[in-house]
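Notes follow the structure.
Computed over heavy atoms, backbone and side chain alike; hydrogens, waters and symmetry mates excluded. Starting from 1, each residue takes its place in the sequence as its number.
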Amino acid sequence: MTAAEVVQAARAEGDPERATFLQTFFRTGPGEYGEGDAFLGLRVPQSRKLARRFRDLDLDEYQALLDSDFHEVRLIGLLIMVDAYARAQKLGPEGEAARDDIFTLYLANTHRVNSWDLVDSSAHRIVGPHLYGADTGLLDELARSESLWERRIAMLATAHFIAQGEFEPTLRVAEILVDDDHDLIHKAVGWMLREVGKRDVEAEEAFLVRHYRTMPRTMLRYAIEKFPEPRRQAWLKGEID
């Protein structure tokens, strides 16, 4: 299996009409977050199917997929990496070298993980697990990055910690990003705060008490989306007792 075969297979399933739609959906115009991105017109289930088909692609071929101009090819590459990382996890200590290689490759290519869906499909499956139980200072570094995508990676990576019942990394990264000026970060922070609240609403509300008056409105709305309606309205109106 080669990266060239993956690209060929992806091209064969492309839909030019859908590709045109995706270029608008992912805001690829001048000055927009996805400026210049190119699409083949695949749907996500098609990309996932191709990732399963090429799951045994050699690690040496991953870089070529991440370097692709096509959004879907980068997604397929990331999905293959996520699957390879998960399989290496199951090997325990024997899979440590493979996990390290995948993690290192991911961090070296954050500029290619350059859309919200690419981040959301991978950060909590590679970065989160790799830092769990280890030094999480890297999350702070990523959260302070000038790169929009590294900041979103930092936030989404903490979903793995939330799933383990550990909320401190999420709240710490959210503290760094609470005044961020990009709506994709507002949504990411609000989303992760909401996930914390599903498990520990007191922990989420303690964060909100400190920030709800000044945090971006979109962030707040995402964070309280699942609250009972009277409580949600109280937060929106600032009527918190």
Side-chain angles (χ1 to χ4, degrees), residues 22-28 32-40 42-45 47-48 50-51 62-63 65-86 99 102-132 136-163 169-178 180-196 216 218-219 222-223:
L22 291 173
Q23 287 193 258
T24 300
F25 181 78
F26 283 100
R27 301 184 186 178
T28 61
E32 295 183 308
Y33 69 76
E35 181 176 359
D37 207 355
F39 291 82
L40 292 170
L42 274 67
R43 297 182 181 276
V44 173
S47 295
R48 292 191 178 279
L50 287 172
Y62 293 176
Q63 185 66 61
L65 298 180
L66 296 176
D67 286 340
S68 176
D69 290 336
F70 293 112
H71 187 106
E72 296 96 332
V73 173
R74 298 198 303 281
L75 175 59
I76 292 167
L78 290 166
L79 293 173
I80 291 172
M81 289 172 65
V82 164
D83 177 68
Y85 192 95
R99 296 194 300 272
I102 294 167
F103 176 71
T104 299
L105 182 65
Y106 188 91
L107 286 185
N109 286 277
T110 53
H111 62 294
R112 304 304 294 157
V113 189
N114 56 349
S115 187
W116 57 265
D117 63 316
L118 303 182
V119 172
D120 299 1
S121 298
S122 59
H124 68 301
R125 302 289 190 186
I126 296 176
V127 180
H130 207 77
L131 297 181
Y132 185 72
T136 59
L138 176 64
L139 294 176
D140 300 60
E141 293 179 29
L142 292 172
R144 293 188 172 97
S145 171
E146 293 184 4
S147 164
L148 164 65
W149 308 119
E150 289 190 348
R151 300 200 303 276
R152 189 167 174 111
I153 286 169
M155 194 72 258
L156 267 293
T158 70
H160 179 81
F161 292 81
I162 295 172
T170 300
L171 298 173
R172 191 179 78 235
V173 172
E175 198 81 39
I176 295 170
L177 295 174
V178 70
D180 199 278
D181 61 1
H182 203 288
D183 71 317
L184 288 178
I185 301 302
H186 303 167
K187 294 172 183 177
V189 174
W191 176 14
M192 289 301 101
L193 289 174
R194 184 174 74 228
E195 292 304 309
V196 169
T218 296
M219 188 184 295
Y222 268 61

**Q.** side-chain contact (heavy atoms from CB on, under 4.5 Å) between L78 and Y106, intermediate numbers included
**A.** CA-CA 9 Å; L78 290 166; Y106 188 91; 3.8 Å; yes

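- Atom CD1 of I102 sits about 6.5 Å away from atom CD1 of I126, to the nearest 0.5 Å.
- To the nearest 0.5 Å, the span separating OH on Y85 from OG on S122 amounts to 12.5 Å.
- To the nearest 0.5 Å, atom CZ of residue R194 and atom OH of residue Y222 are 7.5 Å apart.
- With sequence neighbours excluded, the residues forming a side chain to side chain donor-acceptor pair (under 3.5 Å) with D83 are R55, R87, listed by chain and number.
- A pairwise comparison of heavy atoms in A123 and P129 identifies O-CD, 4.5 Å as the closest pair.
- Aromatic ring orientation, Y132 versus H160: perpendicular (interplanar angle above 60°, classes split at 30° and 60°).
- The two residues W191 and L156 have their closest heavy-atom pair at CZ3-CD1, 3.5 Å.
- Taking a 6.0 Å sphere around CZ of R172, one finds it holds more than 12 heavy atoms contributed by other residues, nucleotides or ligands.
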**Q.** side-chain contact (heavy atoms from CB on, under 4.5 Å) evaluation trace for L107 with L138
**A.** CA-CA 10 Å; L107 286 185; L138 176 64; 3.6 Å; yes

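- You'll find the side chain of M81 stays beyond 4.5 Å of the side chain of L65, heavy atoms only.
- Taking each heavy atom of S47 and I76 in turn, the nearest pair found is O-CG1, 3.7 Å.
- In plain terms, the two heavy atoms of Q63 and L105 that are nearest each other are OE1-CD1, 3.2 Å.
- Put simply, CH2 on W149 and NE2 on H182 are 6.5 Å apart, with the number rounded to the nearest 0.5 Å.
- Using a 30° and 60° split on the angle between ring planes, F39 and H71 fall in the parallel class, below 30°.
- Of the charged side-chain nitrogens involved, at least one lies within less than 4.0 Å of a carboxylate oxygen, so that D37 and R74 count as a salt-bridged pair.
- Counting heavy atoms from C-beta outward, N109 and Y62 have side chains that stay 4.5 Å or more apart.
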Q: Apply side-chain contact (heavy atoms from CB on, under 4.5 Å) to the pair I185 and M155, showing each step before the final yes or no.
A: CA-CA 8 Å; I185 301 302; M155 194 72 258; over 6 Å; no

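- Among all heavy-atom pairs drawn from T218 and K187, the shortest one is CG2-CG, 3.8 Å.
- Judged as a salt bridge (Lys or Arg N to Asp or Glu O under 4.0 Å), and not counting sequence neighbours, the contacts of R151 are D180.
- In this structure, CG in L148 is found 9.5 Å from OH in Y33, a value given to the nearest 0.5 Å.
- The shortest distance between side-chain heavy atoms of D140 and R144 falls below 4.5 Å.
- Side-chain contact between D67 and V73: absent, with no pair of heavy atoms (C-beta onward) separated by less than 4.5 Å.
- Listed for the S147 side chain is a donor-acceptor partner under 3.5 Å among the backbone atoms of E150.
- R112 pairs by the salt bridge (Lys or Arg N to Asp or Glu O under 4.0 Å) definition with nothing, not counting sequence neighbours.
- Across A188 and R152, no two heavy atoms sit closer than the pair CB-NH1, 3.7 Å.
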Q.
Under the criterion side-chain contact (heavy atoms from CB on, under 4.5 Å), I'd like the reasoning laid out for F161 against V173: C-alpha separation, chi angles, the key distance, then a yes or no.
A. CA-CA 12 Å; F161 292 81; V173 172; over 6 Å; no

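- For the atom pair CG of L42 and CG of L75, the computed distance is 9.0 Å after rounding to the nearest 0.5 Å.
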